[in-house]
Each structure stands twice: as C-alpha cells, then as structure tokens.
Amino acid sequence: MKVPMLDLTEQYQSLKGEINSSLEEVMSGARFILGDNVKKLEKDVAEYSNANHGIGVANGSDALHISLLGCGVEPGDEVIAPAFTFFATAGAIARIGAVPVFVDIDPKTFNIDPAKIEEAVTEKTKAIIPVHLYGQMADMEPIAEIAKKHNLAIVEDAAQAIGAEYKGKKVGELGTTATYSFFPTKNLGAYGDAGMIITDDEEVGEKMRVIRVHGSKPKYYHHVLGYNSRLDELQAAVLNVKFPHLNEWNKKRRENAAYYTKLLHEKLGDKVTTPYVEEHNYHIFHQYTIRVDKRDELQAFLKENGVATMIYYPKPLHLQPVFAELGYKEGDLPETEKACAEVISLPMFPELKKEQQEYVVEMIEKFYKEQ
Ligand SMILES: *Cc1c(COP(=O)(O)O)cnc(C)c1O
C-alpha cells in the first residue's frame, strides 16, 4: 500500500465543476487584481474569525511581515518568537531589520512556553509572535497578559490553525493581528500562494491595507514604504469555493487524528508519544505529529514500505546558519532541540482512509518489533 503525506486530488475532483466555473468567471470578467472575490473572501474569513477586518495578501510570510510593520516594528526592535516553527515566522522579523528573540517551547504542546516569555522581554521588545503549531493554539491568555503589561503587540502566526479555538476564542481574538497562509498544503489551500491578515484594530488594519499596495494612498501618493503583496483574484475565486467546506474538513482531520491515537495506543502503548491536546483547545490537526525513538530509522523504514512522513522541523531556527550572527548555540533551547530530534508527522488530510491509517500504524508497529 502507498500512503502519501497529503493528497489534494480527491478534493479537487469533488469541487471541480464549481472551481472551474468560478475561475472562468474571473477570466471572462477580466478583473484580476483586488476584485469581488478578494473582497468576499476578506469579509467571510474576518467574520469566521470574529474579526472586523480581513486583508488579503500574497502569502502567509508577507502576512507576518506586513503585520509587524502595521504594529510599528522597526529596525533594531526585538520580537519574541519560538524557534520551533517554519522559517517564515522569524524571517518576517529579520526582513524588517528587527531582531528575533527565541523562546523555548512547552514540550507537551510544542507551542511557545508563556512562562519563559517574560524573561526575554527587554526595553527594545515590540511584539510577540505566538505560533499555533500543527493546528493547536498557543496558551494565549498568559501571553496576552504579558503583552498588556509591557505594551507589546501580538501577531499570531495562524498559518497552520485556521478554524482552531482556545477557550472558546478563535484565532486572532487575543492578538493584535493574526496571519493565515493559504499555501496549497494548509487546511484551507489555494492553487498557488495566498495569505490573509485579520485584525480588530482599525488603525493597524488601514496601515496594512496601504502597505500591501506600495504604501499608496490615495493612488500614486506615497507616505509610507510598502510592497506589492496582494491576494490574487484567481486564488480568491478558488478559496471562495473551498472555504464553506473548511469546518467539515477540519472535523475529518480531527476524526483521523483520534483514530491514529486510538490505534497507536492499542498497538504501541507508550512506545510513541501521541499529540497532547489541551482540554480547552479545539485542535484542527494541520499535522498529526508524534514523538518517537530512533526517528530517522523509523522514517526510512516507513518510506521503504510506502508510507510518506515529514519532519516539521529538523533544525531549530536559533541554530540556522542565516541567524548565526544572533549568537545562539546548541543547548540554548533544550526543549526545542529535543523536539527537532524526536518528532515525525504522519500522513494527514481529510480524505485519508481508515485502511491507510491502519497500514501506517501496522508499519510503525513492525519497525519497533524488529528492533
Ligand atoms: C506555511 C507557514 C508560513 C508561511 O506561509 P506561506 O504562505 O508559505 O508564506 C508561516 N508560518 C508557519 C508556521 C507556516 O506553517
């Protein structure tokens, strides 16, 4: 049996008619930039997130970058973030000329450890970027308290967490802004790059809207330095067809996750560590990630047997060559480094079949029996 990490073909087949006709509509209408599809998606995603404003941008990385600019982060400022995340989280900070200050994770949830944030705050700190990794929200209440006390902005990196909840609150409700990525592999994926920022803050929202169009307002008059970073109308047309299905897809991911957890407990006991979900969290399982011994050997064995897996992430950001100047060394963030050595993400998508999951777990069981 072959089990891919992710298979987007079935989803396209089920929506093909609708997607193709809305793409055709855009092409016939010939309005390709910031048209009605982008407006509709911005409105719907903002509403879904209980936010006042949605600002479509070119991708999730720009959403982070423009959020930081919108919050007034400037060269030399410090921004606190986890090092156990995709590169874009810290890349957005460094692209401004600001300094990423990395904080260790809670080993249970893999999210930034709020207890370690305060000691990283200095006079130069301007913002915190909690990342809602794998689809589970970070512990936002203590983070919001620290931010309030020190007058810091919060930019929630929700690239992996559209639809997730924390204590009944949606992504973005406790932050200044939150950023989504619609990269094709995310829970709500476009057919190319796309992203969005949500916020309740009128002033920050307006600033970000202007930054995504070269800082132009009114047109051809520039008071701030912006970029060309717009959500493409064709991508918005695809996303508008897919968006109404998001909750149902997230639900299926959760069911698949529950099935993996059941099988893994039955067959492997405590040989592997299954995902820990805080009781107050609604986890949307962008990834189903476990901790194991002999991780690299397991991955090679699964590959030989037709099971694709991924390592999110093999090298922490504080030890990336591009950030060498920041002066971090091995051992600085022990939980982050341990997670990088132990995690492996199993195939996960809404259309994943029970038989495929059973095969994946059977192969994991086989690997450890042969050890
Ligand atoms: C995917 C991702 C991003 C970047 O999104 P793009 O749309 O690919 O630019 C940022 N942060 C995290 C945690 C992500 O997973």
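Whatever order the structure lists ligands and atoms in, that order sets their numbers, starting from 1.
Residue Lys167 qualifies as enclosed at atom NZ: its count of foreign heavy atoms under 6.0 Å is above 12.
For the residues Gln160, Lys186, His65, Met196, the heavy atom positioned nearest atom 1 (C) of ligand 1 is part of Lys186. Closest to atom 12 (C) of ligand 1 by heavy atom, among Ala159, Ala190, Ser181, is Ala159.
The existence of a salt bridge linking Glu365 and Lys271 is excluded, since no basic side-chain nitrogen approaches an acidic carboxylate oxygen closer than 4.0 Å.
Atom 4 (C) of ligand 1 has as its closest protein heavy atom Ser61 OG, 3.5 Å. Scanning the protein heavy atoms around atom 11 (N) of ligand 1, the nearest turns out to be Asp157 OD2, 2.8 Å.
Heavy-atom contacts of Asn59 reach the following atoms of ligand 1: 7 (O), 9 (O) (cutoff under 4.0 Å). Which parts of ligand 1 touch Thr85 is read off a 4.0 Å heavy-atom cut-off, strictly below it: atoms 13 (C). Here is the list of ligand 1 atoms found below 4.0 Å of a heavy atom in Ala88: 4 (C), 10 (C).
Under 3.5 Å, the side chains of Thr9 and Asp7 contain a donor-acceptor pair of N or O atoms. For the 3.5 Å distance criterion, the side chains of Glu337 and His318 qualify, holding a donor opposite an acceptor.
The distance criterion of under 3.5 Å between nitrogen or oxygen atoms is met by Gly60 with respect to ligand 1.
At a threshold of 4.5 Å between non-hydrogen side-chain atoms, the residues Asn52 and Thr199 do not count as touching.
Taking the six-membered ring for Trp and the full ring otherwise, Phe285 and Tyr134 have centroids separated by 6.0 Å or more.
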